[in-house]
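Heads up: the structure comes next, in structure tokens.
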Amino acid sequence: MADAVLIAAQAGRALAEAARRAGLRPYVADLFGDSDTRALAEAYRPLPGRFGTALADHATLNALDEMAHRAGPVVGLVLGSGFEDAPGLVARLAERHRLVGASAEAIATLKDPSDFAALCARLGVPHPAVSKDPPPEPVQWLLKRAGGSGGSHIRPATRAAAPPGHYFQRRVAGRPHALNFLADGRTIRVLAVTEQWCAPSPIRPFRYAGALARGPGEPDALGPATAAAIAAGAERIVAATGLRGLGSADVLVDGPDWWLTEINPRPGATLDILDRRATPMLAAHIAACLGTMPDPGPQPAGAAAAQICYADRELAPVPDLDWPDYVRDRPCPGSVVRRDAPLCTVLAEGADRAEVLALLETRMARLRAIRAAKKTHPEEAL
């Protein structure tokens with residue numbers, strides 16, 4: 001029987017799919033319980049809400065303890081999104097399970113705005129200024145939640161004081177990219193540079209939408225010199241924090257200038273488009289966390305992209321739909337998806353960037369048309 005792996009995240013589907021590709025049996029606890037997550041999981045447990053709260057932490061500890069007891073031989077516990085502002089919970093989990101990923105100490109340093117800014121300054125890594133005090137010129141600043149992910153927590157700054165758990169970060173020019181890497185606590189192996197874009201809403205102007213990895217024959221998204229400089233900066237941070245496993249460095253790039261906005265110390269939203277090499281990404285993640293930097297194999301042929309489809313209206317309940325095979329994170333029939341919440345994820349692969357973006361837009365347009373038809377013909381299936 002294949003070894004089991006414990007997975008906890010806000011949304012665990014991508015990690016569960018990566019576990020299956022790596023020949024592991026995923027035992028998953030997450031917040032959404034999408035139908036494809038449940039189908040992939042050897043066992044599934046729902047979690048009640050944001051990690052770092054007493055209710056969610058208690059439920060997470062109990063769910064993972066119970067599944068570990070049932071699973072038999074367990075490789076370890078892999079954490080996805082949602083734990084960035086809960087290093088205390090990560091430390092408690094590491095006392096009870098073999099943690100395969102960033103340590104609580106690394107997460108605490110990387111996700112504390114002041115500590116991370118100081119680390120970047122000490123290591124010579126360009127990083128926007130941060131402050132806990134209201135800025136004198138708010139138009140030049142953003143308000144962010146410490147440990148936030150997905151961009152939905154980012155707002156334009158005002159003269160008001162930052163709410164508890166929030167901070168101000170100076171605006172910088174540039175287009176968003178991410179350097180995706182594998183770390184062994186000392187060095188990194190660059191996997192891809194992904195382009196990113198937003199899906200703004202009236203109250204969430206910086207909401208994350210999707211990412212694209214170009215094909216191997218295309219020009220570099222950043223240029224060799226800029227990519228090398230970002231990789232060198234990320235490697236210095238890895239060596240200083242002992243970060244292990246899959247991670248990414250979010251950057252804003254403006255010509256030759258760039259700024260590191262954050263390090264994501266976990267497998268991220270690009271896992272779907274990265275996991276196309278001969279070596280499964282979760283197997284590489286586990287090996288790197290155990291101190292052996294693996295060779296993930298040659299870059300995948302062609303380009304790939306993933307984009308979140310947000311609900312333009314509330315679905316309560318979600319109908320029983322026949323989802324296309326390029327759709328992931330499929331909400332269970334009868335569940336509720338609030339307006340502006342993620343509805344599903346759309347994937348696309350092609351020969352190059354242009355082909356993938358065109359295919360992605362075609363598929364997103366099809367879903368938009370189907371959603372519009374559902375308003376008047378709810379009995380129809382996708």
Determine whether [X] and [Y] make a side-chain contact, defined as any pair of heavy atoms from C-beta on separated by less than 4.5 Å.
{"X": "P163", "Y": "L143", "result": "yes"}
{"X": "N180", "Y": "V193", "result": "no"}
{"X": "L260", "Y": "C120", "result": "yes"}
{"X": "M364", "Y": "Q307", "result": "yes"}
{"X": "W141", "Y": "P128", "result": "no"}
{"X": "R171", "Y": "P156", "result": "yes"}
{"X": "Q169", "Y": "H127", "result": "yes"}
{"X": "R189", "Y": "P296", "result": "yes"}

Where the side chain of [X] meets the backbone of [Y], is there a donor-acceptor pair that is under 3.5 Å apart?
{"X": "Y208", "Y": "I308", "value": "no"}
{"X": "T362", "Y": "A358", "value": "yes"}
{"X": "H97", "Y": "E95", "value": "no"}
{"X": "T187", "Y": "A183", "value": "no"}
{"X": "R207", "Y": "A199", "value": "yes"}
{"X": "Y44", "Y": "G33", "value": "yes"}
{"X": "H285", "Y": "V78", "value": "no"}
{"X": "N264", "Y": "R266", "value": "no"}
{"X": "S35", "Y": "R330", "value": "yes"}
{"X": "T60", "Y": "A56", "value": "yes"}

Checklist line | Aromatic Y27 / basic R70 pairing, under 6.0 angstrom, 45° off normal | finding: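 Cation-pi check for R70 and Y27: fails.
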Checklist line | Residue pairs, two or more places apart or on separate chains, that pass salt bridge (Lys or Arg N to Asp or Glu O under 4.0 Å) and touch residues 128-139 | finding: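 Those involving residues 128-139 do not exist here.
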Given the rule that I, L, V, M, F, W and Y join up when any side-chain heavy atoms are under 4.5 Å apart, are [X] and [Y] in one cluster?
{"X": "V172", "Y": "V125", "result": "no"}
{"X": "V5", "Y": "L271", "result": "yes"}
{"X": "L321", "Y": "L367", "result": "yes"}
{"X": "L79", "Y": "L15", "result": "no"}
{"X": "L274", "Y": "M293", "result": "yes"}

Determine the minimum heavy-atom distance between [X] and [Y], stating which atoms define it.
{"X": "R98", "Y": "V75", "answer": "CD-O, 3.2 Å"}
{"X": "L252", "Y": "G174", "answer": "CD2-O, 3.6 Å"}
{"X": "R50", "Y": "T53", "answer": "O-OG1, 2.9 Å"}

Note to self: Pair Q140, R170 - check side chain to side chain donor-acceptor pair (under 3.5 Å), show working.
What the structure shows: CA-CA 6 Å; Q140 299 179 10; R170 190 171 186 88; 2.4 Å; yes
Measuring from atom [atom1] of [X] to atom [atom2] of [Y], what distance do you get when rounded to the nearest 0.5 angstrom?
{"X": "R20", "Y": "R25", "atom1": "CZ", "atom2": "CZ", "result": "8.0 Å"}
{"X": "F51", "Y": "D85", "atom1": "CZ", "atom2": "CG", "result": "10.0 Å"}
{"X": "C289", "Y": "L182", "atom1": "SG", "atom2": "CG", "result": "8.0 Å"}
{"X": "L93", "Y": "L89", "atom1": "CG", "atom2": "CG", "result": "4.5 Å"}
{"X": "L191", "Y": "M281", "atom1": "CG", "atom2": "CE", "result": "5.0 Å"}
{"X": "L360", "Y": "C309", "atom1": "CG", "atom2": "SG", "result": "10.5 Å"}

With a cut-off of 3.5 Å and sequence neighbours excluded, list every side-chain donor-acceptor pair involving residues 218-234.
{"unit_1": "E218", "atom_1": "OE1", "unit_2": "R353", "atom_2": "N", "d": "3.0"}
{"unit_1": "E218", "atom_1": "OE2", "unit_2": "G215", "atom_2": "N", "d": "2.7"}
{"unit_1": "E218", "atom_1": "OE2", "unit_2": "R353", "atom_2": "N", "d": "3.0"}

Salt bridge or not between [X] and [Y]? Use side-chain N to carboxylate O under 4.0 Å.
{"X": "R313", "Y": "D340", "value": "no"}
{"X": "R339", "Y": "E314", "value": "no"}
{"X": "D34", "Y": "R328", "value": "no"}

Notebook entry, point to check: Do other residues, nucleotides or ligands put more than 12 heavy atoms under 6.0 Å from R175 CZ?
Noted result: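 No, because the 6.0 Å sphere around CZ of R175 holds 12 heavy atoms or fewer from other groups.
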Check: Do other residues, nucleotides or ligands put more than 12 heavy atoms under 6.0 Å from the CZ atom of R186?
Finding: yes
Item checked: T261 and D250: side chain donor to acceptor below 3.5 Å ->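 There is no such pair between these side chains.
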Margin query: Looking only at the side chains, is there a donor atom on one of D65 and H69 sitting less than 3.5 Å from an acceptor on the other?
Written below: no
